[in-house]
Every structure is written in structure tokens, then in C-alpha cells.
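Written below as C-alpha cells is the structure these notes are about.
In each ligand, atom 1 is the first atom listed, and ligand 1 is the first ligand listed. Nothing here was measured: the structure is a model prediction, and the numbers come from that model.
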Amino acid sequence: MVSRSLVFSIIVALAGGTLLTAYAPSLGLSGRVTNGCEKPAGYTLLVADENGYNDSKHHSHPWPLIQVHQGETVKIVVCNLDPVSSHGFEINNYVDPVQLTAGQSFATTFVADRPGNYSMYCSIWCPVHKYMLYGLLVVRA
Ligand SMILES: [Cu+2]
């Protein structure tokens, strides 16, 4: 009896995980990591490479800067075009940390439902990390 209820619990947990994965994009909790770089229409492209995000090494802060209005759907694709290094990505309150190995990309969609300024940065240690800490998402009320 004990083992049966344990199996049932595991099945429930798996089903819950599946549901969370299915609904996570609209909640801004997650996205998907794929190989290669593809920018779907309407997405903001962030290229991570040996110069940071979209050449952030050569830009003043904040960079990159994304500005939207509250309630707007934000669509971002991050492509790691660095030939060697992994890079990370995270936006406070909106996008959980993700790690991309060389050649991988990450697409995420979320509704910017909370106004404010949210830091956007690399979530792992990488060779150009100090240039990837000053991104900003501005959500205007
Ligand atoms: Cu980094």
C-alpha cells in the first residue's frame, strides 16, 4: 500500500511538472533552449558572444536596454554565438536563470505585468561576465 501511494505521488508530480512546463512560457517562468540561432518574428534578439550581449563591451550602461509598457508581451531570444564559452541569461522577476553552451539559443515570452526596472544579466561566470551585468528591462506603468 505504501509503495502504491508513493508511485501515485510520483505520477502526480510528473503530471504537475508537465503542466508547469506547458504553461510556463505565458507565466514568464521558463522558455526553451535549442541548438542554433533563430529569431522568430517579433522577438528581440540578444546575441551573446565574446563581446557580451549585443556588443555590450563597447556600450555604456545600461546595455542592452529593453523598454515596454505594462501589460505588453515581451519576446526575447538569446543566441549564444560565442564559439567557445557558455553564457547565461536572467531577468529579475521575469526570467529564471538559464545557461547556454556555445551555439545554443533560448527563447522566452512573458507578460510584463509589474512596472519597474529589472536587471538583465548573465547568470553564470564567463570570460566577459563583467560586460554582461548591466542589461535593463524597463516596464512603464
Ligand atoms: Cu557571464
Show which residues join V84 in its hydrophobic cluster (side-chain heavy-atom contacts under 4.5 Å, direct or indirect), or state none. none
Co-members of the apolar cluster containing L45 [side chain, <4.5 Å]: Y43, V47, V77, L81
Does a side chain donor of either T101 or S86 reach within less than 3.5 Å of an acceptor in the other side chain? no
The protein N, O or S atoms lying under 2.8 Å from the Cu ion (ligand 1) are C122 SG, I124 O, C126 SG, H129 ND1
For a side-chain contact (heavy atoms from CB on, under 4.5 Å) with V78, tell me which candidate from V33, L100, T108, N54 qualifies. L100
What distance do E72 atom CD and Q67 atom CD have between them, rounded to the nearest 0.5 Å? 10.5 Å
With C126, which residues qualify under disulfide (SG to SG under 2.5 Å), at least two apart? none
